[in-house]
Amino acid sequence: MTATLLRTAADLHARARTGRRAVVMTMGALHEGHATLIRTARKIAGPEGEVVVTVFVNPLQFGVGEDLDRYPRTLDADVELAGRSGADAVFAPSVDEVYPGGEPQVRISAGPMGERLEGAARPGHFDGMLTVVAKLLHLTRPDVALYGHKDAQQLALIRRMVRDLNFGVEIVGVPTVREEDGLALSSRNRYLSPAERRTALALSQALFAGRDRHAAQEALRARAREVPATRARAEALSAIGESRAAADAHAVATTAGGPAAVRAAARLVLDEAARLDPPLRLDYLALVDPSDFTEIGDGFTGEAVLAVAARVGATRLIDNIPLTFGPFGDAS
């Protein structure tokens, strides 16, 4: 299908609405990750609904020395990909359309969560992001808005804003899309040279190492549940040679795992990447509670996010994966 290009909110508001409107917000330079968001939006909106993709490079999200001027702008290709993926319209407003009075004097504050991790590395970024998301939600008037899990802190803040400020919109998160080698799709990947891209793979490899360490820990926990509770049962298992394996599983499961082990496994990969040519320069590695993006402790149970940010050459990249921690003896 062909997407209609709209430049003003008036043109968008003039469109007839018969079903649900689903909005996918982007800064352009669309790739397969965005296409996945659009296809998901199409399913949610249904044949009677409408999918609108916004393309707006928001100057409020870029700090001093960041890549606003060189951020890729590929509107013609974006409109084509959006239509091919199921969008009905692409809303690509000018800066004057979004900020008619110049930079807004009243802005959304991201609060304490917006000062951690990405917020600490990029001061003011999340205030600018939430301000433009709030404006675009008002301008597009969706029933549902979709955002990628790759920007996990952004998604958490948008959900918090919508809840705290009573926006009448449903927020849907869509899993990260990766290339075959594991690198998370990003518009900034095009900045990487072949050598830099090889180094950049350490981000996803570190996350996978942490995930695999956690999976191994959970497997040992499951094995430990089979450890005999009585001496008689231990002696019975010993007769068939299983007691040592059970004891080893119990020892590892109870002493060598948890968040600290996940962090250590990921950190090892990143430390090795720091010695590559070109090197990876780590901004942060964090294992956090997604409700507020504070670091989790060893006794934590529930959903968590393992997140990483680093620079390779002049390009800054982020990635994350979800993990679930359960108490010993329970499946996670």
Side-chain angles (χ1 to χ4, degrees), residues 1-62 67-68 70-99 129 132-151 154-155 158 162 169-179 183-191 318:
M1 62 190 293
T2 301
T4 300
L5 177 61
L6 305 171
R7 291 291 197 170
T8 69
D11 290 339
L12 179 59
H13 297 165
R15 292 174 63 87
R17 293 181 63 169
T18 58
R20 301 183 81 196
R21 175 177 284 176
V23 165
V24 174
M25 295 184 186
T26 81
M27 292 206 299
L30 303 189
H31 49 64
E32 183 57 28
H34 297 110
T36 298
L37 284 166
I38 297 167
R39 287 192 292 267
T40 304
R42 181 78 268 163
K43 292 178 182 177
I44 291 173
E48 302 301 320
E50 181 183 43
V51 175
V52 176
V53 175
T54 69
V55 174
F56 181 66
V57 181
N58 178 32
L60 299 188
Q61 290 177 233
F62 292 81
D67 56 356
L68 173 61
R70 73 177 187 128
Y71 195 87
R73 292 162 171 83
T74 57
L75 184 58
D76 290 344
D78 294 343
V79 173
E80 181 181 351
L81 183 148
R84 193 168 63 246
S85 303
D88 298 288
V90 171
F91 177 48
S94 66
V95 173
D96 288 339
E97 178 73 12
V98 177
Y99 303 120
M129 179 276 294
V132 78
V133 167
K135 289 183 70 74
L136 289 173
L137 287 174
H138 290 312
L139 291 171
T140 59
R141 303 174 183 173
D143 299 289
V144 57
L146 297 88
Y147 303 89
H149 284 173
K150 188 178 81 69
D151 296 294
Q154 170 180 282
L155 175 58
I158 291 171
V162 165
V169 60
E170 177 187 357
I171 303 299
V172 173
V174 178
T176 300
V177 178
R178 299 184 180 278
E179 300 194 36
L183 186 68
L185 288 176
S186 169
S187 300
R188 289 184 170 90
N189 289 352
R190 67 187 66 196
Y191 298 154
I318 64 173

Locate the shortest heavy-atom distance separating [X] from [Y]; write the atom from each residue and the value.
{"X": "G148", "Y": "L37", "value": "N-CD2, 3.9 Å"}
{"X": "A145", "Y": "V169", "value": "N-CG2, 3.9 Å"}
{"X": "G173", "Y": "L155", "value": "CA-CD2, 3.9 Å"}
{"X": "L137", "Y": "P142", "value": "O-CD, 3.3 Å"}
{"X": "D88", "Y": "G49", "value": "OD2-O, 3.9 Å"}
{"X": "V98", "Y": "P93", "value": "CG2-CG, 3.5 Å"}

What distance separates M129 CE from L60 CG, expressed to the nearest 0.5 Å? 12.0 Å
If you measure from CG on L6 to CZ on R15, what distance do you get to the nearest 0.5 Å? 5.5 Å
Result for side chain to side chain contact (heavy atoms under 4.5 Å, CB included) between T36 and one of V24, T176, V177, L146 points to V177
Pairing residues for [X] by the salt bridge (charged side-chain N to carboxylate O under 4.0 Å, His left out) criterion, not counting sequence neighbours:
{"X": "R7", "answer": "none"}
{"X": "D151", "answer": "none"}
{"X": "E179", "answer": "R197"}

With [X] via side chain to side chain donor-acceptor pair (under 3.5 Å) - residues at least two apart:
{"X": "R190", "result": "none"}
{"X": "T74", "result": "D78"}
{"X": "Q154", "result": "none"}

Suppose the criterion is salt bridge (charged side-chain N to carboxylate O under 4.0 Å, His left out): which pairs have a residue in residues 133-150, not counting sequence neighbours? R17-D143
According to salt bridge (charged side-chain N to carboxylate O under 4.0 Å, His left out), does anything in residues 28-39 pair up with another residue at least two apart or in another chain? List the pairs. E32-R39
If the condition is side-chain contact (heavy atoms from CB on, under 4.5 Å), which residues does [X] pass it with, not counting sequence neighbours?
{"X": "A45", "answer": "A22, R42, V51"}
{"X": "L139", "answer": "A9, F91, L136"}
{"X": "T8", "answer": "A10, D11, E97"}

Quick one: does S187's side chain have a donor or acceptor within less than 3.5 Å of a partner on A29's backbone? yes
Can a donor-acceptor pair be found, under 3.5 Å and without considering hydrogens, that links the side chain of R21 to the backbone of T140? yes
Do any pairs count as a ring-ring contact (aromatic ring centres under 6.0 Å, His included) and have a residue in residues 32-57, sequence neighbours left out, and if so which ones? H31-H34
E170 and I44, any side-chain heavy atoms less than 4.5 Å apart: no
